[in-house]
Peer 1: 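Below you'll find the structure I mean.
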Amino acid sequence: MPKFAIGQKWTSKSEPELGVGQVIKQDFRTITLRFPNSGEQRIYNSKGEPPLNRYILKAGEKATSIKGLSLFVEEIIEKDGLLYYKNKDKIILEALLHFKQQSEDGTDVFGKLQKFSSNFEFCLRQRAAKLRGIWKSSIVKGMLGPRLRLLPHQLYLSYRALKDVSLPRLMLSDEVGLGKTIESGLIWNALQTEGRIKRTLIIVPDQLKNQWLIELGKRFNHWFTSIDDDYISEHRKYATDKQNVFSLHDSVICSLEFLLANNYVAAAASEVPWDLLIIDEAHRLIKTSKGANAEYILAEELSQKVPGLLLLSGTPIQLAPEAYFYRLKLLDSARFQSLEEFEKNQDNYKKVAKDLSKIPFSDEELSWEDLQKNIPEKSPIRSWLPIKADLSLTATEWMRRVIDALGTSSSVFRNTRKSVKGFPKRTLRTYSLASGEWLVASGQWLISFINEHKNEKILLICSSSEVVVELLGLLEEGTAVAFKEDENSLERDRAVAAWMDPEGPNILLSSEIGSEGRNFQCARHLVLFDLPEDSSLLEQRIGRLDRIGQGKEIFIHVPFIKKSKTEMLFLWYHEALGIFEHSLMGGGEMYAKFEKELKEYLENPEKKYNKFLKEFLPLGKKEMALINKKAEEGRDRLLEFNSQNKKISEELLSEAKKMDANEELLPFAFDMLEVLDVDVQKGIYPDSFVLKGAPEHSEHATLLGVENARSMENGEMSEFDGCSVTVITGREAALNYENISFFHWEHPIMQRLFDKALGEDFGNTACVVCDLVPPGKFFIQYNFILTFSVNVKWGISNLFGEKFLSVIIDSDGNLQSGLAKELDTMALKNSKADIPDSVLEYFAAEGFEKAKKSLENSAKKIAKETEKLVISTLESELHRLEETSMLLRGFEQSKALDQKKKDIIACKKSLEDPKLRLDGMRILCTN
C-alpha cells in the first residue's frame with residue numbers, strides 16, 4: 001500500500017490523459033489529486049491500491065520548477081514522503097515541479113510486448129475502453145447513477161444547469177410534488193461526476209434534515225455528514241486542536257436553525273471554500289427595503305463566497321415580489337442590482353409576455369410564421385423579428401432567448417402540474433365515526449375498511465410508531481406489516497418487500513417516517529389515519545402516492561370523529577386549504593398566518609367547534625382563495641414554457657433509456673468480478689446479486705466499498721475474513737427496494753472495475769492463435785484511445801468523450817482492416833508461440849508508427865466533428881449572453897462575454913491536438 005503525502009506527484013493508470021496530478025488533500029481514507037493540465041480533480045481510496053503511478057524523474061532528466069528554476073537531476077532525496085531533486089547546490093522540491101514536466105518520450109511499446117496477459121483479460125480491457133467511452137460521451141453522464149424514475153422535466157433542468165461554464169446559480173421553484181429536492185440532487189450529482197465540484201454545503205429547515213439525508217443517501221448513493229450539536233460535542237471529545245469541523249468533510253448538511261442559533265458555527269461554515277451551496281425553503285430568506293432577517297443575512301454572506309448556488313422554493317413571485325427580488329440578487333447581483341430597475345423590467349416583461357401569450361403554445365416547434373401571425377402589430381417585438389429570421393435559429397429558440405433576457409428565466413426555473421403531465425387524480429373519501437375514544441372507534445372502522453379492500457394494496461400513515469403498534473395488535477395476523485422509526489432500514493425494506501408481494505399483506509402501517517421520500521406506488525389507497533398540524537407534512541404524505549406515473553386515480557381516505565379535533569383539522573385542510581383534491585399552493589403563508597389561532601381552536605374543540613365553523617373556517621377559506629387567485633393571475637406561463645423543452649427532454653430521456661438498456665455493461669462487470677475472484681450469486685430480490693469478497697483477497701474490501709471489513713483485536717488489525725455487498729441492477733426494482741445499492745454505470749464499484757480493467761498492468765497485451773493468419777506470419781492489433789485535453793469547467797466534456805480506435809497490421813507492414821469485426825466474433829485461444837525478436841522489434845517501432853499514422857485521418861475527422869459540435873454549443877451560449885446585454889440595454893455582461901470568447905479560443909486550440917494513446921496490443925499467429 002503506497003504512502004501518500006500532500007505535494008506528491010502521481011499519474012493515473014486508467015486516465016493517463018489527465019497528465020501529472022498532485023496530492024492536495026489527504027484524510028484517513030481518501031486522497032484528492034488535482035490535474036492542472038486537464039482542469040480536473042479526482043478522489044481515490046487510499047486504503048487499497050488506487051490506480052496511480054508515482055511520477056518520478058530519473059537521473060539525467062531535466063527538472064523545472066513553477067518559478068522557472070531548472071536543473072538536470074543528479075541525486076534524488078526522499079524526506080517525509082516527498083522527493084527532492086538535486087544538482088550540486090540547486091534543489092527543486094517535488095511539490096514545486098512544473099505540471100508540464102511530464103515526459104513526451106512516448107510509450108515503451110517493446111517493453112509491453114515482453115509479457116502477455118490472457119486473451120480474456122485483453123478482451124475485458126477492450127470492452128471496458130468501449131463502455132467507458134460510451135459513458136463519457138453520453139449527454140446524460142452524471143444523471144444515470146441516481147435511483148430515480150427518469151422524468152423529462154428533471155433531466156432537462158439538470159441539462160440546463162450544466163450547460164454554462166460557470167457553476168449554476170439558480171432558483172428551483174417547481175410546485176410541490178414535482179421534485180425540487182431530486183432536481184437539486186441530480187444537478188449536484190452531475191457536477192460531482194464531472195469533477196466540477198468537490199465541497200457542498202446543504203442548509204435545510206430542521207424538520208426536513210432527516211428527509212434530505214435519506215433522499216441523498218438512498219437515491220444518490222452518497223451519505224452527507226450531518227453537523228449539529230451532537231456531532232460537535234462528539235468531535236470535541238477526540239479533537240486534539242480547534243480544527244474547523246466543516247473542513248473535515250466535503251459533503252455537509254445542517255439545519256438553518258442550528259446555524260442561526262450558533263454564531264461561531266455559522267462563522268466556521270463560512271470559512272470553508274465550498275463549491276456549491278444548496279438552500280431549501282428559500283422563501284424563508286426575507287429582505288425588503290426595511291431590512292433583512294437573520295436567515296437572509298446568513299445566506300447572503302455564504303452565497304458571496306460560493307461559486308455555485310441553488311435556492312429551492314415553491315413560493316411564486318406574486319406572493320412576495322420584493323423579497324423575491326432580493327433572493328434573485330443572491331443569485332446574480334450584477335443583473336439584479338436595483339429593486340426599482342427590477343420592477344421596471346418586470347413591467348416591461350409583462351407587456352412582452354402579454355404579446356407573446358397570443359402565440360399558440362404546444363409541444364410542437366414554433367415557426368417564424370407563428371410569430372409573425374400572432375404577435376400584435378404594435379408590439380416592439382415585431383421590430384426584432386426580421387433580423388432574427390435571417391439567422392440560423394429556430395423561432396422557438398429565439399423566443400427562449402427573449403424570455404431569458406427580459407424575464408428571470410436564466411436564473412429561475414418553474415414547473416407546475418399544469419405544465420407537467422402524468423399525475424393521477426386525487427379522490428377524497430371521508431368517514432365520520434361515532435364519538436368515543438379515537439383508537440377504538442377508528443380501529444373498528446379500519447378492520448371493516450380492510451375487509452372491503454382485501455384484493456388491493458393500502459398504505460396507512462399515522463403520526464407515531466406507538467400508533468402503528470396499537471393498530472397492528474387490532475388486525476388479524478398476516479393482514480398488515482409495520483414500517484416505523486425504531487426498526488432499522490433493512491427491517492423496513494423487508495416489510496415493504498412483503499407488502500409489495502402480490503400474495504403478501506394488503507396494508508402497510510407506517511409512522512411518519514413513511515412520509516419521507518419513500519416510493520409506495522404499488523398502492524392506490526392512502527389512509528390518513530390522523531392528520532398533522534403542518535400542511536407541508538400532510539402534502540408529503542399524499543405525495544407518497546400522488547406521483548408521476550402512478551396511474552389515473554388515487555384514493556385518499558380520512559376518518560374523523562364528529563365535532564372533535566380530528567374533524568376540525570380535516571375541515572381546515574379540506575374546506576379552507578383544499579389540499580386533499582389539489583396540490584397546495586401557499587401553504588407556508590397560511591400556516592404562518594393562522595398557526596396560533598388554529599392551535600387554540602384544536603386545543604378546545606368542545607367549546608370552540610361552532611365558532612370554528614362560523615368564523616375561522618370561512619376566514620381561512622377566503623384567505624386561501626385570495627392566495628390562489630393572486631398566484632393564478634400572475635402565473636408566468638412564459639417561465640413555465642422556458643423551463644421545459646420537449647425536443648431536448650425527449651433526447652435526454654431516449655439516451656437515458658438507451659444507456660439503461662445497454663446489454664454489455666453487466667456482463668462486463670460480472671466477468672471482471674470473476675477475474676478478480678469476487679463471487680457473484682443471485683440475490684433473493686428481483687434483479688439483485690450478492691458480491692462476495694474472498695478471505696484471501698483483502699483488496700476486495702476496497703473494491704466493494706466495504707469499510708471496517710477488518711477490526712482491531714488486542715491492539716492489532718484482525719485478519720480479513722471476506723465481505724459481501726448486495727446490489728440491484730434494474731432501475732424499477734431499485735425504486736422498490738431502496739436499501740439495496742443500485743448497480744449501474746456510475747456506481748462506485750462499476751467505476752472501480754473500469755479503473756482496474758484499464759489500469760497499466762491489466763490485459764494490455766495478449767498473444768492468440770488465429771486461423772485467419774497465414775502460416776508463418778504474425779499480425780498485431782493495436783488499440784488506441786483518442787482523447788482531448790479538456791478543461792472540466794467548460795461543462796461539455798461529454799462532447800469530447802473518449803474514442804476507441806483499433807487497427808491491425810501484419811509483420812510486412814500491410815493493413816488488415818477487414819479483420820477487426822471478425823475478431824470480435826471469434827473464440828481465440830492463448831498462444832505460447834515463440835515470437836522472433838525481430839518481429840517484436842518491428843511491431844514496437846515501425847509497425848507502431850505505421851499504425852498511428854494509419855489512424856491520423858480518422859483522428860482528424862473525429863476532431864473536426866467534435867470541434868463543430870463543441871464550438872456550436874459554446875457559441876450558442878455566447879449569442880444568448882450577447883442578446884441578453886442588447887435586450888436589457890445597459891446590463892453589463894462584459895466579463896462573462898470575454899470569458900466565453902476566451903473559452904472558445906482555448907477550446908479550438910485543444911481540439912487541434914488530439915492525443916492517440918496506445919491502450920493495448922494483441923499479436924495474432926498460427927498454431
Peer 1: Mind checking side-chain contact (heavy atoms from CB on, under 4.5 Å) for Lys9 and listing every partner two or more places apart, or none if nothing turns up?
Peer 2: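 For Lys9 the side-chain contact (heavy atoms from CB on, under 4.5 Å) partners, ignoring immediate neighbours, are Val20, Gln22, Tyr55, Glu94, Leu97, Phe99.
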Peer 1: Below 4.0 angstrom, N of the basic side chain to O of the carboxylate: do Arg199 and Asp275 qualify?
Peer 2: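 Judged by the 4.0 Å cut-off on N to carboxylate O distance, Arg199 and Asp275 do not form a salt bridge.
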Peer 1: Below 30° counts as parallel, above 60° as perpendicular, anything between as tilted: where do the rings of Phe520 and Trp499 land?
Peer 2: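 Rings of Phe520 and Trp499: perpendicular, as their planes differ by over 60°.
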Peer 1: Run the side-chain donor-acceptor check on residues 683-694: report pairs under 3.5 Å with partners two or more places apart or on a different chain.
Peer 2:
from   : atom 1 : to     : atom 2 : distance (Å)
Ser688 : OG     : Tyr685 : N      : 3.0
Ser688 : OG     : Tyr685 : O      : 2.6

Peer 1: Salt bridge between Arg917 and Asp919, side-chain N to carboxylate O under 4.0 Å?
Peer 2: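 Counted as a salt bridge, because a side-chain N and a carboxylate O are separated by less than 4.0 Å.
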Peer 1: Test of understanding: with salt bridge (charged side-chain N to carboxylate O under 4.0 Å, His left out), list the residues that count as partners of Lys198, not counting sequence neighbours.
Peer 2: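 By the salt bridge (charged side-chain N to carboxylate O under 4.0 Å, His left out) rule, Lys198 matches Asp250.
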Peer 1: Identify the heavy atoms of Pro51 and Asp755 that sit nearest to each other, and give their distance.
Peer 2: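 Heavy atoms only, the tightest pair is CG-CB, 3.9 Å.
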Peer 1: Classify the side-chain pair His744/Thr729 by whether it contains a donor and acceptor separated by less than 3.5 Å.
Peer 2: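 There is no such pair between these side chains.
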Peer 1: Hey, what do you get for OG (Ser806) to OH (Tyr782), rounding to the nearest 0.5 Å?
Peer 2: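 These two atoms lie 11.5 Å from each other.
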Peer 1: Can you name the residues that form a ring pair (Phe, Tyr, Trp, His ring centres under 6.0 Å) with Trp10, not counting sequence neighbours?
Peer 2: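 Testing Trp10 for ring pair (Phe, Tyr, Trp, His ring centres under 6.0 Å), a comparison that skips the adjacent residues, returns Phe4.
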Peer 1: Taking Arg125 for the side chain and Gly763 for the main chain, is one N or O donor matched with an acceptor at less than 3.5 Å?
Peer 2: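 Such a contact is absent between Arg125 side chain and Gly763 backbone.
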Peer 1: Check Cys123 against Arg922 and note the closest heavy-atom contact, atom names and distance.
Peer 2: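 In this case the closest contact between Cys123 and Arg922 is SG-NH1, 3.6 Å.
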Peer 1: Set out, in order, the CA-CA distance, both residues' side-chain angles and the distance that settles side chain to side chain donor-acceptor pair (under 3.5 Å) for Gln751 and Trp745, then state yes or no.
Peer 2: CA-CA 7 Å; Gln751 290 294 312; Trp745 291 91; over 6 Å; no
Peer 1: Are side-chain N/O atoms of Gln26 and Gln8 paired as donor and acceptor at under 3.5 Å?
Peer 2: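 No, Gln8 and Gln26 have no side-chain donor paired with an acceptor closer than 3.5 Å.
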Peer 1: Quick one: do Gln781 and Gln126 satisfy side chain to side chain donor-acceptor pair (under 3.5 Å)? Show the steps, please.
Peer 2: CA-CA 11 Å; Gln781 173 187 352; Gln126 185 170 268; 2.9 Å; yes
Peer 1: Got Met500 and Val496 here, is their nearest side-chain heavy-atom distance under 4.5 Å?
Peer 2: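 Yes, side chains in contact.
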Peer 1: Starting at CG of Leu150, measure out to CG of Asp660 and round the result to the nearest 0.5 Å.
Peer 2: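 The CG atom of Asp660 is 5.5 Å from CG of Leu150, to the nearest 0.5 Å.
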Peer 1: Is there a donor-acceptor contact under 3.5 Å from the side chain of Glu738 to the main chain of Arg147?
Peer 2: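 Not at all, since once roles are kept as given, no pair shorter than 3.5 Å links the two residues.
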Peer 1: Can you tell me how far OG of Ser226 sits from NE2 of His249, rounded to the nearest 0.5 angstrom?
Peer 2: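 Going from the NE2 atom of His249 to the OG atom of Ser226 covers 10.5 Å.
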Peer 1: Ion pair present between Glu664 and Arg127, side-chain N to carboxylate O less than 4.0 angstrom?
Peer 2: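 No.
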Peer 1: Are any of the side-chain heavy atoms of Lys484 and Ser510 separated by less than 4.5 Å?
Peer 2: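 The answer is no; the side chains never approach within 4.5 Å.
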Peer 1: Do Tyr737 and Phe742 have ring centres separated by under 6.0 Å?
Peer 2: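 No, the ring of Tyr737 stays outside the 6.0 Å limit from the ring of Phe742, centre to centre.
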Peer 1: If you take all heavy atoms of Ala190 and Leu162, which pair is closest and at what distance?
Peer 2: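 Minimum heavy-atom contact is CB-CD1, 3.4 Å.
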Peer 1: Does Glu732 come within less than 4.0 Å of Arg149, counting only side-chain N to carboxylate O?
Peer 2: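 Salt bridge present between Glu732 and Arg149.
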Peer 1: Of the options Lys915, Lys130, Arg132, which is the one that meets Glu802 in a salt bridge (Lys or Arg N to Asp or Glu O under 4.0 Å)?
Peer 2: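 Answer to the salt bridge (Lys or Arg N to Asp or Glu O under 4.0 Å) test with Glu802 among Lys915, Lys130, Arg132: Arg132.
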Peer 1: Suppose we call two aromatic rings close when their centres sit under 6.0 Å apart. Are Phe220 and His222 close by that rule?
Peer 2: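 No.
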Peer 1: At what distance, to the nearest 0.5 angstrom, does CG of Leu155 lie from CG of Leu186?
Peer 2: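 Answer for the CG-CG pair, Leu155 versus Leu186, is 6.5 Å.
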Peer 1: Do Met921 and Asn783 touch side chain to side chain, with heavy atoms closer than 4.5 Å?
Peer 2: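 No; the side chains remain at least 4.5 Å from each other.
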Peer 1: I need the Asp671 CG to Leu753 CG distance, nearest 0.5 Å.
Peer 2: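 One finds 11.0 Å between CG of Asp671 and CG of Leu753.
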Peer 1: By side-chain contact (heavy atoms from CB on, under 4.5 Å), which residues pair with Glu485, not counting sequence neighbours?
Peer 2: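 Checked Glu485 against side-chain contact (heavy atoms from CB on, under 4.5 Å); matches are Ser465, Ser511, Glu512, Ile513.
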Peer 1: Rounded at 0.5 Å granularity, tell me how far CD1 in Ile197 sits from CD in Gln41.
Peer 2: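 So the CD1 of Ile197 and the CD of Gln41 are separated by 11.0 Å.
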Peer 1: Between Val769 and Thr926, is the side-chain contact (heavy atoms from CB on, under 4.5 Å) condition met? List the steps.
Peer 2: CA-CA 5 Å; Val769 176; Thr926 55; over 6 Å; no
Peer 1: Main chain of Ser724, side chain of His700: is a donor-acceptor contact present, judged purely on distance under 3.5 Å?
Peer 2: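 No, His700 side chain to Ser724 backbone: no donor-acceptor pair under 3.5 Å.
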Peer 1: Would the number of heavy atoms belonging to other residues, nucleotides or ligands and lying under 6.0 Å from CD of Gln681 be above 12?
Peer 2: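 Enclosed: over 12 neighbouring heavy atoms sit under 6.0 Å from CD of Gln681.
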Peer 1: Does atom CZ of Phe668 have more than 12 heavy-atom neighbours, drawn from other residues, nucleotides or ligands, at distances under 6.0 Å?
Peer 2: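 Result for CZ/Phe668: enclosed.
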Peer 1: Looking only at heavy atoms, which two atoms of Ile749 and Leu704 are closest? And how far apart?
Peer 2: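 Taking Ile749 first and Leu704 second, the nearest heavy atoms are CD1-O, 3.8 Å.
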Peer 1: Are side-chain heavy atoms of Thr11 and Leu18 found at a separation under 4.5 Å?
Peer 2: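 The answer is no, as the side chains (C-beta and beyond) never meet within the 4.5 Å cut-off.
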Peer 1: How far apart are the closest heavy atoms of Arg752 and Gly705, and which atoms are they?
Peer 2: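 Taking Arg752 first and Gly705 second, the nearest heavy atoms are NH1-N, 3.5 Å.
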Peer 1: Between Trp212 and Thr181, is there a side-chain heavy-atom distance shorter than 4.5 Å?
Peer 2: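 Of all side-chain heavy-atom pairs linking Trp212 with Thr181, at least one is under 4.5 Å.
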Peer 1: Any heavy-atom pair between the side chains of Tyr231 and Thr225 that's under 4.5 Å?
Peer 2: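 Answer yes - side chains close enough.
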Peer 1: Of all heavy-atom pairs between Leu124 and Ala757, which one has the smallest distance, and what is that distance?
Peer 2: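 Heavy atoms only, the tightest pair is O-CB, 4.4 Å.
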Peer 1: Hey, mind stepping through Asn764 and Phe122 against side-chain contact (heavy atoms from CB on, under 4.5 Å) and telling me if it holds?
Peer 2: CA-CA 6 Å; Asn764 49 22; Phe122 178 87; over 6 Å; no
Peer 1: Dump the intermediate steps for side-chain contact (heavy atoms from CB on, under 4.5 Å) on Leu248 and His235, then the final yes or no.
Peer 2: CA-CA 11 Å; Leu248 299 177; His235 173 75; 3.5 Å; yes
Peer 1: Decide yes or no on side-chain contact (heavy atoms from CB on, under 4.5 Å) for Leu772 and Leu819, but give the supporting numbers first.
Peer 2: CA-CA 8 Å; Leu772 299 177; Leu819 283 184; 3.3 Å; yes
Peer 1: Could you list the donor-acceptor pairs under 3.5 angstrom formed by side chains in residues 825-835, with sequence neighbours left out?
Peer 2:
from   : atom 1 : to     : atom 2 : distance (Å)
Thr825 : OG1    : Glu822 : O      : 2.8
Asn830 : OD1    : Asn119 : N      : 2.7
Ser831 : OG     : Ala833 : N      : 3.0

Peer 1: Within the distance-only criterion (no hydrogens, no angle test), does the side chain of Thr193 pair as donor or acceptor with the backbone N or O of Asn189 below 3.5 angstrom?
Peer 2: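 Yes.
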Peer 1: May I ask you to test the Glu121-Phe116 pair for a side-chain heavy-atom distance under 4.5 Å?
Peer 2: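 No, too far: nothing below the 4.5 Å cut-off.
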Peer 1: Answer yes or no: is there a side-chain heavy-atom contact under 4.5 Å between Cys767 and Cys925?
Peer 2: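 SC-SC contact between Cys767 and Cys925 confirmed.
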